[in-house]
Amino acid sequence: MPPLSYFCSDFHIPPGANDFRLKTFDYNMEYNFREIEKNWKQAWKDTDIYKVSNDTSKPKFYILDMFPYPSGAGLHVGHPLGYIASDIYARYKRMKGFNVLHPMGYDAFGLPAEQYALETGQHPAVTTEKNIARYREQLDNIGFCYDWSREVRTSDPKYYKWTQWIFLQLFHSWYDRQENKARPIATLISIFEQEGNAETPCPGNEALRFDADTWATYSEKEKRDVLMQYRIAYLSHAEVWWCEALGTVLANDEVVNGVSERGGHPVEKKRMRQWFLRITEYAERLISSLDTLDWSDAMKEMQRNWIGKSNGAEVTFHLQDSEKEITVFTTRPDTIFGVDFLVVAPEHEWVADITAAEQKAEVEKYQQYVKSRSERERMSEVKQVTGAFTGAYAIHPLNKKPIPVWIAEYVLAGYGTGAIMAVPSGDDRDHAFAKHFNIPITNIFGELYNGEEAYSSKEGKIQESDFLSGLSIKEATLKAIDALVASGAGKSKVNYRLRDAGFSRQRYWGEPFPIVYVDDVPYALDEPEVTLSPKEKEKHAQLPLVEKYTPGPEGQGPLANVDDWVNTSVGRMETNTMPGYAGSSWYFLRYMDPHNDSEFASKEATSYWREVDLYIGGTEHAVGHLLYSRMWTKALYDLGFISFDEPFKKLVNQGMIQGSSRFVYRLVIKPKNQNKQPIEFPIFISWTIYENYRNKRLSDSELLELVNQHSIEAHYAIAPDKGDSYELALVPMHVDVSLVEGVVLKIDAFRNWREEYKKAIIVPEGIQDIKYICGAEVEKMSKSKYNVVNPDDIVAQYGADTFRMYEMFLGPIDVSKPWDTKGIEGVHRFLKKMWRLYFDEQTGLVVTEEPATEAELKALHKTIKKTGEDIERFSFNTAVSQFMICVNELSTLNCHKREVLEKLAILICPFAPHMAEELWNKLGNSGSVITASFPAYEERYVTENTKKYPVAVNGKPRVEMEFALDAEQSLIEKEVLADPTIIKWLEGKEPKKFIYVKGKMINVVV
RNA sequence: GCGGGUGUGGUGAAAUUGGUAGACACGCUAGACUUAGGAUCUAGUGCCGCGAGGCUUGGGGGUUCGAGUCCCUCCACCCGCACCA
């Protein structure tokens, strides 16, 4: 075996690395997981055994967890699920000979820390630091093999300096549609100088046209305005939720039912200047390169839907008696002759211009209503049709008929052109709208349209449509586009639902923009025009320390209040900060070279580690983080900073671990007579009684009688015979899961939970059965539901190895399931049982050097095969089962042989690393078990040569018969048909067919 | 509303390619050992039935010698929807 230092870091070999050898921890010989885990955690730390080198001849493998936001609540048992899975895979890959990068860090900027700061006055940096320390402690507790020397935090100035740097690369770039990649803005300027923008249409303003001479006449400000509309990171306008009462901008999830979540104040949309990323230019590449990724189909489908590519046409309608025109996007140009009205988004900028005088009041009233509506409400409200007529008419481009123009909330300004052509006979929403407002409907589907429901199917022929009549929908689509192009009124067009990503937040706790406004023109701090000293630039690029976190005036972020920071000698700094996804869009690159001060990561590091081979995290990031990261990676690739254009090759989604809530049922007794004293003391009713009462198997007076039988106090307080004079209610209340064992309430603990419960009357199941049973329900794990289980508690009680294995044993990694602490006993018992193969409580180590038997080797090699394959396909629950089967078999065989047990200790290392380490060393090996090779199985121990076949008659299995796997069908047929059970089931009938599937089953058909 | 996911014993689940449904555990029942048991071990445990046997993978229908698995249809629950991260 090579010296241990070979496997350790070659950045620097830590002192003591070579001392990693047999440590003679002295436990008595039962499975003392507390001592074992404590000692090995220390040994791992002392020797930096999990440090990873960038410089090795070994093949690389990059395994990444979605890094957590360090919330104040700490980790609950649901969070580590993915981390355990990736840790198992990382250890497995390492034992398979790979150089494995497996880092961890923190997504440390975010709203909750800022909110907390507002409430308590504590600086987010301080609380974040505290939360991170807690997270680290919890993570360390579980025994992960992270290389912590590579930790990143997005809120660290040394980190976000590079987030800002990447933002500036995007600011200094434009998207070249001909080359289909991002390029430096200088290349665009030289194109403008030579030929204007005829060949490079402006993505921010398709109508913008200028030639080289005109460009030359533009002022500096005009030029920068034009360039801004090409930049990948650009400044534009968008609406945000504005709350006047709180004086602040609110996030979507801070707005509930049209009012602010805090305080319930009214909110409305406010238009503000904000930064955006031109992700729409990447739409096509983001769709097409999904094919190269090993992600679940569901995840790819979600991204495809999010990007929402649709083929269709743009059609321009001229307004009657006006210069204005309305351009609509439609996926159904074939229905052009079925257009009965146009609908424009109510917030569209020129609604006011086209509205007729007599409709003005109505339109404005409607616009006001829409301002209070969230996008989701607007999309999902289908029963209630709303809208307003503008009084304007457009001219149909082909048949020249006048078409009324409406506004309605179901058309969104951000999608397509913000206007649609409505075809009631072919679209459900248009149909409902036309019916509701009594707009006459043109039928272009003949008998296919019944007048009651729109005909939205894509089968059939178009009718009543001039030159399109009689054509199939497909043919009509092509011909309609041709006609529109010929008449100059339209063109075919690919539309994406994807919108440019809003990149501004009116907050404090985020990356500041390295942008300064010189006479209201934004400049990047790194541009030569910004004449600040390097020191000043550094100061203004960094988030200033503040005392107060209250928002700035007019919806500006809190930074607007920091005079010393916001004002520079050349102009005012941008006061917005970047959103949460800024730092997380590229963090996987930083782990490759985390301490680099001159680049975000060196070329050597990024070209060695390349993309993440395995990324594990939740599905909730399906379209946010995962899409933005992909775009950033593509942009960095285009600009030549990295040599790959996808960040995450394989993605595994972990399911949620839900909470298992427990309920007690409080009996609330209100005397009907107002003058009587209400009954104040708490009474709790056990679950079965609650169920009986709820199902009306128990009357009010019977319930009171039960309570009275149970308690003297109650007897004095309520008169049971007068059940009628009370109003009863049984109220389910969450009870902390730590006060419950399974579903049985720990009554003393419950009484001590709250002062007011000290003397509570607790009515158990019955006179005989004195247990109080709680109700149970599966819900999301959250503090308010008292169902949070802290991994620290589980680790303290059962050990990290048990915890790790149990989380895996719960079920498939990608499925959501409720946590049940009770079930952990089985896994703990298994580890103890495995331990007893090596140690006897009295005599200590019982491992012998005797050669193993065939049966023992069979058990071992089947397990090597199965667990290896299961790890490869992320089926960790079945791997754990296999370990149980193996240990059960070896226990039955009374096997204590080194030949078997040494390999078993290595096998279990990914799952139970502490125990594996202990066993490995107690068997006399030096060095960490992680440096051992994952064992290979021998074919001869895993192949069987006979098979017990189920023999079925007419598909129903009736008997089991054993045959050699290479047996001839004729022999099998003869023996099967001679079998007495089969003869009985044949009932004398002739077999019609004899089905024999080798290695599977036999079926006789009569 | 749109998109995605999941439905199998009392519970978590297994069945990798259409081939013995319920592996492995939890829980429960009975027993052994023990001063004791929240330790350990043994046996049983999908449902109905004394039994022979029948039924059973959310409901209904279909394809097949054979369906948890494929197809159609209906239902229930969970997640995401662009400023939570």
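Computed from a predicted structure; not experimentally measured.
- Taking atom P on both B/A52 and B/U45, the two are 14 Å apart, rounded to the nearest angstrom.
- For A/Glu301, counting side-chain heavy atoms from C-beta on, the closest listed nucleotide (B/A13, B/C26, B/G4) is B/G4.
- Atom CG in A/Leu286 sits roughly 15 Å away from atom C1' in B/A82 (whole-Å rounding).
- With the nearest nucleotide of RNA chain B identified for both A/Ile885 and A/Lys1000, A/Lys1000 has the one nearer the 5' end.
- Put simply, CD on A/Gln556 is 18 Å from C1' on B/C83, counting in whole angstrom units.
- When the side-chain nitrogen and oxygen atoms of A/Lys832 are compared with OP1 and OP2 of B/U40, one or more of them lie within a distance under 4.0 Å.
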A/Gln303 and A/Trp295: side chain to side chain donor-acceptor pair (under 3.5 Å), yes or no, with the steps? CA-CA 11 Å; A/Gln303 292 225 334; A/Trp295 294 14; over 6 Å; no
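- The pair A/Glu254-A/Arg507 meets the salt-bridge criterion, since a charged nitrogen lies less than 4.0 angstrom from a carboxylate oxygen.
- The side chain of A/Gln658 has B/C78 as its nearest neighbour among B/A82, B/C78, B/G54.
- Pair assignment for B/C33: none, as no Watson-Crick or G-U wobble contacts are both less than 3.5 Å.
- Of the charged side-chain nitrogens involved, none lies within less than 4.0 Å of a carboxylate oxygen, so that A/Arg873 and A/Glu869 do not count as a salt-bridged pair.
- The nucleotide whose nearest atom lies closest to any side-chain atom of A/Gln506 is, among B/G12, B/C65, B/C83, B/C83.
- At the phosphate of B/C24, neither OP1 nor OP2 sits under 4.0 Å from any side-chain N or O atom of A/Lys833.
- For A/Asn877 and B/G12, the shortest distance from a side-chain N or O to OP1 or OP2 is not below 4.0 Å.
- Here, B/U8 and B/G22 have their C1' atoms 8 Å apart, quoted to the whole Å.
- If you check B/A82, B/A14, B/C24 against the side chain of A/Phe809, the one that comes closest is B/C24.
- Across the strands present, B/U16 finds no partner; the criterion is a Watson-Crick or G-U wobble pair with both atom distances under 3.5 angstrom.
- Here B/G4 presents its P atom at 17 Å from CG of A/Leu626, a figure rounded to the nearest Å.
- Looking at heavy-atom distances under 4.0 Å, A/Trp306 makes contact with a base.
- Judged by Watson-Crick or G-U wobble contacts below 3.5 Å, the nucleotide B/G49 has no partner.
- Listed candidates were B/A14, B/G53, B/G27. Nearest to the side chain of A/Lys822 is B/G27.
- Annotation: B/G3 and B/A14 have their C1' atoms spaced 30 Å apart (nearest Å).
- A donor-acceptor contact under 3.5 Å is formed by the side chain of A/Lys866 with the base of B/U16.
- Taking only side-chain atoms of A/Tyr69, from C-beta outward, the nucleotide of B/C24, B/A82, B/A85 with the closest atom is B/A85.
- When each of B/C84, B/C65, B/C24 is scored by its nearest atom to the side-chain atoms of A/Ile995, the top-ranked nucleotide is B/C65.
- For A/Tyr410 and A/Phe433, the ring centers sit closer than 6.0 Å to each other.
- For A/Arg505, no side-chain nitrogen or oxygen approaches OP1 or OP2 of B/A82 to under 4.0 Å.
- With B/C26, B/C84, B/A13 as the candidates, the nucleotide lying closest to the side chain of A/Asp820 is B/C26.
- With a 3.5 Å ceiling on both atom-pair distances, the Watson-Crick or G-U wobble partner of B/C70 is B/G62.
- Straight-line distance from the CZ atom of A/Phe503 to the P atom of B/A82: 18 Å, rounded to whole Å.
- Rounded to the nearest Å, the gap between the C1' atom of B/A23 and that of B/G46 is 14 Å.
- The nucleotide B/C28 finds its pairing partner in B/G44, both defining distances of the Watson-Crick or G-U wobble pair being shorter than 3.5 Å.
- The side chain of A/Arg829 contributes an N or O atom lying less than 4.0 Å from OP1 or OP2 of B/G27.
- Taking the six-membered ring for Trp and the full ring otherwise, A/Tyr160 and A/Phe109 have centroids separated by under 6.0 Å.
- Using P as the reference atom, B/G12 and B/G58 are 13 Å apart when rounded to the nearest Å.
- The CG atom of A/Asn888 sits 14 Å away from the C1' atom of B/U42 (whole-angstrom rounding).
- You'll find that the side chain of A/Pro950 is closest to B/U20, out of B/U20, B/A23, B/C83.
- Checked against a 6.0 Å centroid threshold, the rings of A/Trp632 and A/Tyr587 do not count as neighbours.
- Within the shown strands, B/G5 is the pairing partner of B/C77 under the Watson-Crick or G-U definition, both distances less than 3.5 Å.
- Listed nucleotides B/C83, B/C24, B/G12 differ in distance to A/Asn252; the shortest reach to its side chain belongs to B/C83.
- Rounded to a whole angstrom, the distance from the C1' atom of B/G68 to that of B/A21 is 7 Å.
- Heavy-atom nearest nucleotides on RNA chain B were determined for A/Asn1003 and for A/Gly624, and the one closer to the 5' end corresponds to A/Asn1003.
- Atom CH2 of A/Trp819 is separated from atom P of B/A13 by 13 Å (rounded to the nearest Å).
- The glycosidic torsion of B/G9 lies within 90° of 0, placing the base in the syn range.
- Distance A/Tyr587 OH to B/A85 C1': 12 Å, rounded to the nearest Å.
- Figure legend: cation-pi geometry between A/Lys269 and A/Trp241, with NZ or CZ positioned under 6.0 Å from the six-membered ring centre and within 45° of its axis.
- Atom CG of A/Leu290 and atom P of B/G3 are 18 Å apart (whole Å).
- A pairwise comparison of heavy atoms in A/Met805 and A/Ile908 identifies CE-CD1, 3.8 Å as the closest pair.
- Applying the 3.5 Å distance criterion, the base of B/C84 shares no donor-acceptor pair with the side chain of A/Glu114.
- Distances shorter than 4.0 Å separate none of the side-chain N or O atoms of A/Lys746 from OP1 or OP2 on B/G38.
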